[in-house]
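To keep things clear, I will list the structure first and then write my remarks on it.
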Amino acid sequence: MKNLNKFLVLIIGLSAFTTVAQNADSVIVIYDNQKTIIPLPAFGSQTSVSYADTNKVVEIGIWLRKPGETSPFSQLYLNDETSEKSKHKSKWFSQIQAGYSLEFTKSNGERIYEYDLDTIHYYNSEKYSLNNGNGYKLILSVYEKENRINKKYTFTSGFNFGYEQYFFKAKSYLTKIESGGQIISQDSIFNIKKINFDMLYHFGISYHFKIIKIPSRINLGNRLGFTTNNVKIGELSLIGGRFYITLVQPYLGLEIGKMGVLFSADFHAPDVQNLPYPLLRYAPESTIELRGNVTFSFTYRIF
């Protein structure tokens with residue numbers, strides 16, 4: 001009787017093994033040393049097997065389709081890729097920048113004139129100089145558009161609004177010679193404040209990567225636009241409402257998450273009338289050696 005039972009078990013086992021071995025409509029999955037046989041579903045249907053523990057769930061699915069039909073997995077991947085990495089993104093008021101600036105506005109000149117007062121003839125010579133100043137700059141990204149080039153690079157463009165303040169010291173040396181030979185001299189120092197409002201367009205390339213799994217980017221580009229110029233000597237307003245065009249404002253920045261640092265510069269064409277010094281109005285022979293500024297800023301990306 002025992003021999004008969006062993007024979008029946010052997011027959012059943014061989015039959016099952018033969019059935020599995022001959023069943024080509026199945027898939028064998030081995031995960032974590034576990035072997036699972038998944039039968040193929042009907043056309044247009046899918047089946048799956050799941051492995052779960054306290055930390056994760058691994059689900060393996062099988063879909064049976066005819067040649068030429070669209071795979072649901074590739075379609076799902078494309079949808080996810082499109083939603084996560086859209087080729088075009090636009091944002092309003094997305095970033096603010098605040099930085100310290102050095103203004104390069106070095107100029108000097110001389111004014112010589114003569115006049116008579118009563119019976120005395122005067123010969124006047126006014127020499128002056130204006131050296132570099134410093135200040136701060138605030139910039140708000142009003143609108144920004146980002147076009148994806150590939151997985152690593154994007155082209156970014158948009159409009160910025162900026163506010164700047166700079167502080168200078170100008171020196172004046174006046175020499176007055178009377179017809180009788182008496183010489184009178186006077187030194188003066190002027191505290192000057194220059195206020196600018198900027199409307200700029202920026203464009204550049206961004207390289208995207210990760211630092212310790214934190215999304216980061218390197219930004220390189222240029223700004224151009226126009227700047228209004230308002231100058232005050234103490235409480236006296238000298239120049240107001242003038243503006244100049246700026247075409248070269250390169251920038252280079254690094255962002256890690258929402259925070260970043262940015263180095264930028266502004267090189268614009270000199271304009272004698274916009275220089276913050278009163279005697280320039282009367283001294284066309286004045287010389288201008290350098291115009292522009294450099295700024296080191298901290299940036300914060302709102303979203």
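Between N219 and S206, the shortest heavy-atom distance links the atoms OD1-OG, 2.6 Å. Between Q95 and L140, the shortest heavy-atom distance links the atoms O-CD1, 3.6 Å. Minimum interatomic distance between Y201 and G158 (heavy atoms only, all atoms of both residues): CD1-O, 3.2 Å. Closest heavy-atom contact between A98 and L138: CB-CD2, 3.6 Å. The two atoms that bring G135 and F167 nearest to each other are CA-CD1, 4.4 Å, heavy atoms only. For the residue pair N150 and K152, the shortest heavy atom distance occurs at OD1-N, 2.9 Å.
Contacts of Y300 classified as side-chain hydrogen bond (donor to acceptor under 3.5 Å, both in side chains), with partners at least two apart in sequence or in another chain: none. Not counting sequence neighbours, the partners of E114 by the side-chain hydrogen bond (donor to acceptor under 3.5 Å, both in side chains) test are H121. The ring-ring contact (aromatic ring centres under 6.0 Å, His included) test applied to F263 returns no partner, not counting sequence neighbours.
At least one side-chain heavy atom of N293 sits under 4.5 Å from a side-chain heavy atom of T295. Side-chain contact between T246 and L200 is present, with at least one heavy-atom pair separated by less than 4.5 Å. The closest side-chain heavy-atom distance from D266 to R223 is not below 4.5 Å.
One distance of note links OG of S157 with CD of E146; it measures 9.5 Å at 0.5 Å rounding. The structure places CZ of R301 at 9.5 Å from CZ of F303, a figure rounded to the nearest 0.5 Å. Distance check, rounded to the nearest 0.5 Å: CD1 of I177 to CD1 of I183 gives 5.0 Å. Residue Y153 holds its OH atom at 13.0 Å from CZ of R148, rounded to the nearest 0.5 Å. Here the CD-CD1 distance, from E255 to I211, works out to 11.0 Å after rounding to the nearest 0.5 Å. Here the CD atom belonging to E144 is positioned 10.0 Å from the OG atom belonging to S90, to the nearest 0.5 angstrom.
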Begin with the C-alpha distance, continue with both residues' side-chain angles, and end with the deciding distance and a verdict on ring-ring contact (aromatic ring centres under 6.0 Å, His included) for F296 and F298. CA-CA 7 Å; F296 179 81; F298 290 99; 5.7 Å; yes
For H202 and N222, run side chain to side chain contact (heavy atoms under 4.5 Å, CB included): C-alpha distance rounded to whole Å, both residues' side-chain angles, the deciding distance at 0.1 Å, then the answer. CA-CA 6 Å; H202 78 270; N222 182 61; over 6 Å; no
Any chance you could lay out the side chain to side chain contact (heavy atoms under 4.5 Å, CB included) test for H208 and T154, step after step, and finish with the verdict? CA-CA 8 Å; H208 298 259; T154 57; 2.8 Å; yes
Could you go through the side chain to side chain contact (heavy atoms under 4.5 Å, CB included) check for L262 and L252 one step at a time? CA-CA 6 Å; L262 182 74; L252 174 64; 5.9 Å; no
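Cation-pi geometry between R217 and Y207 is not satisfied (NZ or CZ under 6.0 Å from the ring centre, within 45° of the ring normal). By the 6.0 Å and 45° rule, K176 stacks over the aromatic ring of Y122.
The hydrophobic clustering, which links ILVMFWY residues whose side-chain heavy atoms are closer than 4.5 Å, places M259 and I302 together. Linking Ile, Leu, Val, Met, Phe, Trp and Tyr whenever their side-chain heavy atoms come within less than 4.5 Å leaves L174 and Y115 in two separate clusters. Hydrophobic clustering (side-chain heavy atoms under 4.5 Å, transitive across Ile, Leu, Val, Met, Phe, Trp, Tyr) keeps I139 apart from I245. Both M199 and V142 are part of a single hydrophobic cluster, where members link through side-chain heavy atoms under 4.5 Å apart. The same ILVMFWY cluster, assembled from side-chain heavy atoms under 4.5 Å apart, contains both I218 and L220.
Checked against the 6.0 Å centroid threshold, Y136 and Y100 do not count as a close aromatic pair. Taking the six-membered ring for Trp and the full ring otherwise, the centers of Y163 and F161 sit at least 6.0 Å from each other.
Taking 4.0 Å as the cut-off between side-chain N and carboxylate O, E103 and K194 count as a salt-bridged pair.
Under 3.5 Å, the side chains of D198 and T227 contain a donor-acceptor pair of N or O atoms.
Among N191, N132, I192, the single residue meeting the side chain to side chain contact (heavy atoms under 4.5 Å, CB included) criterion with K169 is N191.
For S216 (side chain) and I214 (main-chain N/O), a donor-acceptor pair under 3.5 Å exists by modelled atom type. Put simply, the side chain of K193 never gets that close to the backbone of Y166: no donor and acceptor are under 3.5 Å apart. Side chain of S141 to main chain of N160: no donor-acceptor pair is present (N/O by atom type, distance under 3.5 Å, no hydrogens or angles).
A 6.0 Å sphere centred on NZ of K145 holds no more than 12 heavy atoms belonging to other residues, nucleotides or ligands.
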